[in-house]
Each structure stands twice: as C-alpha cells, then as structure tokens.
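Working notes, structure below.
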Amino acid sequence: MKLRDLCFLTLLRDAMAGTCSTEAATLAKSMDWTLENQVLELAQLHHVFPLLAQQLLLLNPPDLRRDVLRHWAMEALARQAMATQALLVLTGALEKAGIPALVVKGAVCRSLYPSPDLRPSSDEDILIQPEDLPAAEQVFRSLGYCLQSSPEDSVQIWYANPLRVELHCSLCGSMTIAGQAVQPWFDACFSRSISWNVGEGTVRTLAQQDHFLYLILHFYKHFLTGGVGIRQLCDICLFAGKQQANLDWSSLWTELETLSLACLTWNMLDLGIRYLGLDSRAVPKPERIPAADSEDLLQDILEAGVFGSSSLERKHSSRITLQAASAQNRKAGTVRAALFPSASDLQSRYSYLQKNPWLLPAAWCARCFGYLREGRNLGVRAASAAKIGRQRVALLEKYGILNCKI
C-alpha cells in the first residue's frame with residue numbers, strides 16, 4: 001500500500017473514533033510537506049477534508065500549515081453547522097404542516113461521528129409520501145427555497161443558502177436487483193420510522209434495519225457505475241458498529257443474499273474491520289458467505305473519489321459497467337462504448353435528447369467537438385475510460401453482482 005493511502009486511512013480511522021493513535025503519531029513524525037499535501041488532496045477528493053484536517057492539527061506534523069488548515073476546517077464546520085440548523089427548520093415546518101418526512105443518510109450518518117459537523121454533506125435527502133408532494137412544495141417555497149430541477153423529475157432538488165435538499169417520493173424508484181424490484185421492501189418504512197437525535201435537534205428517519213439496508217443499496221448504486229468514495233464506507237461501518245444492537249444480522253444476510261449483494265457487503269465490512277476501526281464482533285458473518293478478498297475493492301474506492309468523480313474517464317467508464325451489468329455484455333468495455341454513449345446517458349447534458357432521441361448523432365458530434373475545443377485527446381481519454389470500465393467489470397464479476405442491474 002502507498003504511504004499516502006496508509007496515512008489517509010489511519011487518520012480517517014482515528015477521526016471516526018475521536019482518538020489520536022500511536023500509529024498515527026508515528027506516521028505524523030515522518031510526514032513532510034509533500035506527503036501532507038497528498039493526503040489532504042485525497043481527503044478533498046473523498047469529501048472528508050475537515051475530518052483529516054482536524055487530525056493533522058491534533059498531531060501537528062513538521063511543516064504543517066496550521067493557520068491555513070485551521071481556517072479551512074473552521075469554515076467547513078461553520079458551513080455544515082448552518083446547513084444542519086436549516087434542515088431542522090425545514091423538517092419542523094414540514095411537521096407543522098402535517099407532512100410526514102424522513103431524513104435519510106446525511107444528517108443521520110453525520111450524527112455517528114465524534115464531531116458531526118466535521119463530516120460534510122453536499123446535500124440532505126428527505127423522503128415524503130407521493131400524495132404529500134404538493135403540500136411539501138408549498139412549505140419549501142414559503143421558506144424561500146428555489147426548485148432547481150424539473151417538477152416532473154423523480155427527485156426534486158431545492159436550494160436556499162446554505163442548504164441543498166433532494167426531495168424523494170420513493171427511496172429506490174424503479175431500481176431492480178437480481179430481477180427484483182427493491183422499492184416494495186421499503187413500502188411500509190413510514191410506519192416503522194423512528195426519531196433520531198442529530199445533535200442540535202431531532203428528525204424522523206428510517207428504522208435502523210431499513211436505514212442500514214438502504215445505505216448498502218446506495219453504495220451498490222454508485223459502485224455499479226463510476227465507483228464510490230470512502231465516505232460512504234465510513235458511514236456504513238459506523239452505522240454497523242454503533243447500531244449493532246438494533247440490527248438483525250440473520251435477516252440482513254438473507255436479504256442481501258437474495259439481492260446477490262452479500263459478497264460485496266462482506267468485503268465492504270472487511271475493509272471496515274481492517275482499516276476503519278469496525279469491531280468484527282459487531283458484524284457476524286454466516287459461514288456460507290465466502291472469505292473476504294477486499295484489496296481490489298479498497299483500491300477502486302480510493303481511486304474513485306466521492307461518487308466516482310475523480311476523473312472524466314472514470315465517469316465515462318460507468319456506461320461500460322452499466323451495460324455489462326444490464327445486458328451481460330462482457331465485450332462492452334470498448335473504446336466505442338466510451339466514445340458513443342446512448343441517448344439516455346447523454347440526456348442530462350443535452351436536454352433536447354429527452355424529447356428527440358433521434359438527435360443522438362448530433363449530440364455525439366457536439367460532444368466530440370467540445371473535447372477538441374478543450375484540447376483533450378478524445379481517443380486517449382476514451383481508451384482510458386474503456387480500460388477502467390474493463391477493470392471494474394472484472395470487479396463486479398469477482399463479487400458476484402454482474403447479473404444485477406439498476
């Protein structure tokens with residue numbers, strides 16, 4: 001393992017536990033300016049910068065730019081604290097209007113960290129029931145939120161500084177895994193919902209069993225495309241460790257095996273046990289699940305960045321993995337697949353394809369000319385995307401999920 005990665009994982013593990021380990025202190029003594037920069041760049045890529053900045057400030061390695069780092073960390077902490085307060089105001093307004101609303105992921109996962117506001121969230125996810133959507137929209141507008149997506153979109157995006165909200169009417173939409181629709185598993189989630197303390201107040205959220213399963217499904221969704229960063233894995237490991245008394249692992253493993261996700265999940269948890277401080281006793285594994293082989297998964301996670309955003313090539317490789325997973329096309333990892341994506345893949349960039357998919361060749365030309373204007377070598381980048389795609393298809397095969405689809 002690279003020294004950069006070892007330092008990054010050690011500091012992250014300590015941040016999740018609220019400690020400064022002897023191992024981290026030893027590493028800090030040998031860190032120079034270059035290595036510190038590499039670790040912080042990786043932290044930015046994975047959106048865990050404030051967590052790593054805090055650990056470095058506590059360890060104070062040689063040549064640390066303390067004033068700059070403290071300023072960045074405090075700025076991030078203040079911004080997240082304001083966003084959390086805005087979320088509580090919003091959920092309070094929804095409750096006052098008689099609208100059941102469940103906060104999922106972000107604020108709930110942040111509350112598991114020793115210093116919650118040091119775990120940043122780019123947005124908050126709120127789940128409502130479809131029949132409550134018109135009333136919820138009125139509440140958002142009354143609080144000054146602007147709708148940044150089409151009202152017909154399956155997920156509405158609302159924004160009012162400092163909070164960005166994704167408003168969902170279903171958790172999983174049309175997602176199918178191993179031939180099964182996933183949403184029915186959560187149809188009764190409102191009746192099972194619980195109250196959760198997020199530090200400055202409480203919100204309604206999914207029951208622990210529902211929430212943990214959803215976190216795994218959300219990890220899978222991004223893993224299947226361009227990849228998923230370390231932050232989601234940290235959330236899952238903290239949830240498993242701190243909520244072990246409220247999780248029925250026998251039932252969870254049965255559900256995950258039904259969805260062909262047991263092998264992937266165990267390898268995720270194995271990384272947590274080996275690198276992120278997860279107690280192995282918190283996650284009992286049935287003997288029928290194969291032993292973990294997780295180093296390739298770790299490298300893929302580290303290279304991916306948050307939601308697989310580390311590079312355009314990796315983003316483009318998602319078309320290859322999706323095609324391989326949905327069509328079982330083992331030859332999908334080609335330069336052509338990266339150069340000429342489908343109309344549905346390009347709709348977010350070329351909106352005219354939504355109503356006129358027959359204009360796809362024009363979108364291909366516009367995309368190619370755009371690359372040329374920006375000075376990119378389209379063939380090289382497409383070949384790189386294809387290589388990443390083939391590697392990730394092999395990873396999907398390794399964990400037995402290639403026959404799944406989304």
Side-chain angles (χ1 to χ4, degrees), residues 7-25 27-28 31 36 39-61 64-91 103-125 162-164 195-203 205 208 211-212 215 229-244 271-272 275-279 282 305-306:
C7 291
F8 174 72
L9 292 171
T10 302
L11 293 171
L12 188 55
R13 180 200 65 200
D14 286 1
M16 292 167 64
T19 62
C20 285
S21 65
T22 302
E23 182 184 3
L27 287 170
M31 291 179 73
E36 288 168 12
V39 170
L40 289 173
E41 286 174 2
L42 192 58
Q44 287 180 315
L45 180 63
H46 288 268
H47 289 197
V48 292
F49 183 90
L51 290 168
L52 271 289
Q54 174 187 247
Q55 293 305 115
L56 286 172
L57 286 168
L58 291 172
L59 292 167
N60 197 26
L64 184 69
R65 295 166 295 166
R66 290 188 61 83
D67 292 342
V68 175
L69 211 56
R70 185 186 293 110
H71 172 75
W72 287 345
M74 292 300 294
E75 187 178 74
L77 188 149
R79 185 166 54 247
Q80 188 58 67
M82 289 189 294
T84 301
Q85 285 297 329
L87 174 67
L88 291 170
V89 170
L90 175 59
T91 55
V103 175
V104 296
K105 298 187 302 173
V108 174
C109 291
R110 278 202 312 278
S111 70
L112 301 171
Y113 290 76
S115 300
D117 287 330
L118 288 176
R119 186 279 195 197
S121 294
S122 55
D123 55 41
E124 294 291 345
D125 294 84
L163 184 63
R164 181 179 182 271
S195 179
W196 190 284
N197 190 327
V198 294
E200 295 86 354
T202 59
V203 297
T205 190
Q208 291 92 337
H211 218 143
F212 189 66
L215 289 176
I230 198 78
R231 192 180 65 183
Q232 280 187 258
L233 182 61
C234 293
D235 292 347
I236 288 170
C237 292
L238 278 176
F239 200 102
K242 295 196 173 185
Q243 294 297 314
Q244 57 180 298
L271 292 176
Y275 295 108
L276 299 175
L278 177 61
D279 189 338
V306 67

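The chain is numbered in sequence order, starting from 1. Keep in mind that what you see is a predicted model, and the values were worked out from it rather than measured.
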How many angstroms lie between OH in Tyr113 and CG in Asp235, if you round to the nearest 0.5 Å? 4.0 Å

Assess whether side chain to side chain contact (heavy atoms under 4.5 Å, CB included) is satisfied between Leu9 and Ile230, documenting all intermediate values. CA-CA 9 Å; Leu9 292 171; Ile230 198 78; 4.2 Å; yes

Check: Pro50 and Leu77 side chains under 4.5 Å, non-hydrogen atoms: no

Sequence-distant partners of Pro61, side chain to side chain contact (heavy atoms under 4.5 Å, CB included), two or more places apart: Ala28, Met31, Glu36, Leu56, Leu59, Leu64

Backbone of Cys7 reached by a side-chain donor or acceptor of Thr10 within 3.5 Å: no

Quick check: does any side chain N or O of Thr205 sit under 3.5 Å from a backbone N or O of Val103, one acting as donor and the other as acceptor? yes

With sequence neighbours left out, write down each residue that passes side chain to side chain contact (heavy atoms under 4.5 Å, CB included) with Glu75, or none if nothing qualifies. His71, Arg79

For Ile236 and Leu215 the tightest heavy-atom approach is CD1-O, 3.7 Å

Nearest heavy atoms of Ala240 and Ala282, plus distance in Å: O-CB, 4.1 Å

Is there a donor-acceptor pair under 3.5 Å between the side chain of Gln55 and the backbone N or O of Thr19? yes

List the residues meeting salt bridge (Lys or Arg N to Asp or Glu O under 4.0 Å) with Arg164, not counting sequence neighbours, and say none if there are none. Asp123, Glu166

Please check: side-chain N/O of Gln80 versus main-chain N/O of Ser121, any donor-acceptor pairing under 3.5 Å? yes

Are any of the side-chain heavy atoms of Leu276 and Leu271 separated by less than 4.5 Å? no

Exercise: identify the closest heavy-atom pair between Leu52 and Phe8: CD1-O, 4.0 Å

Taking Arg66 for the side chain and Leu57 for the main chain, is one N or O donor matched with an acceptor at less than 3.5 Å? yes

Contacts of type salt bridge (Lys or Arg N to Asp or Glu O under 4.0 Å), residue Asp117, not counting sequence neighbours: none

Can you check whether Val48 reaches Cys234 side chain to side chain, under 4.5 Å on heavy atoms? no

Side chain to side chain contact (heavy atoms under 4.5 Å, CB included) against Gln54, all qualifying residues, sequence neighbours excluded: Leu58, Ser115, Leu118

Check whether any side-chain heavy atom of Leu112 lies under 4.5 Å from a side-chain heavy atom of Arg119, and answer yes or no. no

Could you tell me how the ring of His211 sits relative to the ring of Phe239: parallel (under 30°), tilted (30 to 60°) or perpendicular (over 60°)? tilted

Taking salt bridge (Lys or Arg N to Asp or Glu O under 4.0 Å) as the test, write out the residues that go with Glu23, two or more places apart. Arg13

Looking only at non-hydrogen atoms, find the nearest pair between Pro114 and Pro116 and report the distance. O-CD, 3.5 Å

Considering all heavy atoms of both residues, which atom of Ser111 and which atom of Val198 are nearest to each other, and what is their separation? CB-CA, 4.0 Å

The reported gap from OH in Tyr275 to CE in Met16 (rounded to nearest 0.5 angstrom) is 14.5 Å

Rounded to the nearest 0.5 Å, the CG atom of Leu87 sits from the CD atom of Glu124 at a distance of 5.0 Å

Treating His47 as the side-chain partner and Val306 as the backbone partner, does any N or O pair qualify as donor plus acceptor under 3.5 Å? no

Close side-chain approach of Leu27 to Leu11, heavy-atom, < 4.5 Å: no

Hey, is the main chain of Glu41 close enough, under 3.5 Å, to the side chain of Gln44 for a donor-acceptor pair? no

